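Before any comments, here is the structure.
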Amino acid sequence: MKIAKYLDDTGIAAVGRIDEQTLVPLDLKAKGLQRLSDLLDEPNPSETIRSLPSGTPIPLANVSWLPPIDDQEVWAAGVTYRRSQTARMEESTAAASCYDRVYTADRPELFFKATASRVRGHQQPLRIRSDATWNVPEPEITLILSSQLKIVGYTIGNDMSSRDIEGENPLYLPQAKCYDASAGLGPWLTITDELPQGEDLWVRLAVERQQKTVFEGRTSAAELARGFEDLVSWLGRDNSFPNGAFLMTGTGIVPDSSFTLNVDDVVHISINGVGTLSNSIIQG
């Protein structure tokens, strides 16, 4: 089951269910719910969605998309795929040792990625930093977490990264990762009681430049070195999320050092069971 946030005819944020090629408006207030995050915190979100009164379907082509987030925090995990470990080590010799160690350590790399105001949704522009020269998209399976840190589904995440800044010094990670329009989520949320596993959960990335594909790659959850539940358990240690959270689980598709995003590129990330998140690139 898929749900999304969008702007209704009056310019108010609303929630709808994706039904084939349409978005079906949902009346949250009929069940005493105010926001999407309230729905995600229900004991059985899928059952609640099915019970909500619905409105007139809207063709997907006519939807004004919003990022599917209220005020949840967005966190991210790093060095969870072998390829991302190698790529991080390529950024600089200073980073090589610590990233090599974290790949095999019990404790994962977890970092704060974005507040809701820094998140962009489907067809909204993402930003590359004006003080960086090596910028890449990072396509990631993103877990949807309730306030109890229960995994209630998944979506597509783009953990934009300035690799030259992080490569200069690993302590610069927050600047490389967290800035205005640095995170993409969407196009909608897939609510499920059981996530696909291994090769059944794949990720594809394509970058278009002047209507030509200049980079593409594919990976799957089979390449993950850490399990989803394990990452969530570490996130919840001495930490609480009263509004729930999103957790990006790392990337296994990393362009080499000859590639950097340009202004007006369009990034397409597809994950089976969700769909495709598309964002153009701006700077400054």
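Because only heavy atoms are used, hydrogens play no part in the values below, and waters and symmetry mates are left out as well, while side chains stay in. Predicted, not measured: the structure shown is a model, and the values here were computed from it.
Side-chain N or O atoms of D230 include none that pairs as donor or acceptor with a backbone N or O of R226 at under 3.5 Å. When atom types are taken as modelled, the side chain of T22 and the backbone of V24 share no donor-acceptor pair closer than 3.5 angstrom. Side-chain atoms of H122 do not come within 3.5 Å of backbone N or O of G186 as any donor-acceptor pair. Checked by atom type and distance alone, the side chain of D41 pairs as donor or acceptor with a backbone atom of S147 at under 3.5 Å. No donor-acceptor pair under 3.5 Å is formed between the side chain of S146 and the backbone N or O of G244. Checked by atom type and distance alone, the side chain of N44 pairs as donor or acceptor with a backbone atom of E47 at under 3.5 Å. At least one donor-acceptor pair closer than 3.5 Å links the side chain of T190 to the backbone N or O of G273. Put simply, the side chain of K2 never gets that close to the backbone of P187: no donor and acceptor are under 3.5 Å apart. Listed for the Q124 side chain is a donor-acceptor partner under 3.5 Å among the backbone atoms of G121.
Between G184 and L126, the closest heavy-atom pair is N-CD2, 3.8 Å. Residues D71 and A116 come closest through the heavy atom pair CA-CB, 4.0 Å. Residue A76 comes nearest to D159 through the heavy atom pair CB-OD2, 4.2 Å, listed as atom of the first residue, atom of the second, then distance. The shortest heavy-atom contact between R120 and P125 is CG-O, 3.3 Å. Nearest approach of P137 to M160, heavy atoms of both residues: CA-SD, 4.0 Å. The two residues L23 and A4 come nearest to each other via the heavy atoms CD1-CB, 4.1 Å.
Under the side chain to side chain contact (heavy atoms under 4.5 Å, CB included) test applied with T249, the options Y154, W75, F228 reduce to a single match, F228.
The shortest distance between side-chain heavy atoms of W234 and P108 falls below 4.5 Å. Residues Q175 and E166 form no side-chain contact, since every pair of their non-hydrogen atoms from C-beta on lies 4.5 Å or further apart. In this structure the side chain of I69 reaches within 4.5 angstrom of the side chain of V74, judged on heavy atoms. By the 4.5 Å heavy-atom criterion applied to side chains, T155 and L143 are not counted as neighbours. At least one side-chain heavy atom of N158 sits less than 4.5 Å from a side-chain heavy atom of V267. Using a 4.5 Å heavy-atom cutoff, the side chains of L60 and E20 are not in contact. E229 is listed as a side-chain neighbour of I151, based on a closest heavy-atom distance under 4.5 Å. The side-chain heavy atoms of I3 and P45, taken from C-beta on, include no pair separated by under 4.5 Å.
Considering only residues two or more places apart in sequence or on other chains, T115 meets the side-chain contact (heavy atoms from CB on, under 4.5 Å) condition with F112, S117, R118. The salt bridge (Lys or Arg N to Asp or Glu O under 4.0 Å) check on D70 picks up K5, with sequence neighbours excluded. Listed by chain and residue number, D8, T10 satisfy the side-chain contact (heavy atoms from CB on, under 4.5 Å) test with I12 (two or more places apart in sequence, or in another chain). Listed by chain and residue number, V207, R209, L261, N262, I281 satisfy the side-chain contact (heavy atoms from CB on, under 4.5 Å) test with D265 (two or more places apart in sequence, or in another chain). Listed by chain and number, the residues in a side-chain contact (heavy atoms from CB on, under 4.5 Å) with R204 are W202, R218, S270 (sequence neighbours excluded). Contacts of F215 classified as ring pair (Phe, Tyr, Trp, His ring centres under 6.0 Å), with partners at least two apart in sequence or in another chain: F259.
Shown here is D264, whose CG atom has no more than 12 heavy atoms of other residues, nucleotides or ligands within 6.0 Å.
To the nearest 0.5 angstrom, T142 atom OG1 is 10.5 Å from K113 atom NZ. In this structure, CZ in R35 is found 10.0 Å from CG in L40, a value given to the nearest 0.5 Å. Expressed to the nearest 0.5 Å, how far OG of S54 lies from CG of D27 amounts to 9.5 Å. Atom CG in L195 sits 8.0 Å away from atom CD1 in I141 (nearest 0.5 Å). Once rounded to the nearest 0.5 Å, the distance linking CD of Q21 with CD1 of I58 reads 14.0 Å. Taking CG from L205 and CD1 from I269, the interatomic distance works out to 6.0 Å, rounded to the nearest 0.5 Å.
Side-chain atoms of Q283 and S130 include no donor-acceptor pair closer than 3.5 Å. Side chains of N243 and S37: a donor-acceptor N/O pair is absent below 3.5 angstrom, by distance only.
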CA sep, side-chain torsions, deciding dist, call: S220, E199, side-chain hydrogen bond (donor to acceptor under 3.5 Å, both in side chains): CA-CA 5 Å; S220 75; E199 293 287 349; 3.3 Å; yes

Verdict with supporting geometry, I49 and L26, side-chain contact (heavy atoms from CB on, under 4.5 Å): CA-CA 8 Å; I49 293 167; L26 297 175; 4.1 Å; yes

side-chain contact (heavy atoms from CB on, under 4.5 Å) evaluation trace for R50 with R17: CA-CA 9 Å; R50 282 189 286 267; R17 182 185 75 246; over 6 Å; no

K177 and E138: CA distance, side-chain angles, deciding distance, salt bridge (charged side-chain N to carboxylate O under 4.0 Å, His left out) verdict: CA-CA 11 Å; K177 293 286 191 178; E138 295 193 1; 3.0 Å; yes

Residue pair N279, H268: steps toward the side-chain contact (heavy atoms from CB on, under 4.5 Å) verdict: CA-CA 7 Å; N279 302 96; H268 304 285; over 6 Å; no

From CA spacing to verdict: side-chain contact (heavy atoms from CB on, under 4.5 Å), F241, L145: CA-CA 9 Å; F241 299 88; L145 307 177; over 6 Å; no

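Hydrophobic clustering keeps I18 apart from V15 (ILVMFWY residues linked when any side-chain heavy atoms are closer than 4.5 Å, directly or through intermediates). Using a 4.5 Å cut-off between side-chain heavy atoms of Ile, Leu, Val, Met, Phe, Trp and Tyr, with links allowed through other members, Y81 and I253 fall into the same hydrophobic cluster. Linking ILVMFWY side-chain heavy atoms closer than 4.5 Å, directly or via other members, places Y172 and V102 in two distinct hydrophobic clusters. One hydrophobic cluster, built from ILVMFWY side chains closer than 4.5 Å, cannot hold both Y6 and V119; they sit in different ones. Put simply, I144 and L235 are part of two different groups of oily side chains (I, L, V, M, F, W, Y) that touch within less than 4.5 Å, one to the next.
Between W188 and W65, the angle of the ring planes lies from 30° to 60°, which puts this pair in the tilted group.
Using a cut-off of 4.0 Å between Lys/Arg side-chain N and Asp/Glu carboxylate O, R129 and D131 are scored as salt-bridged.
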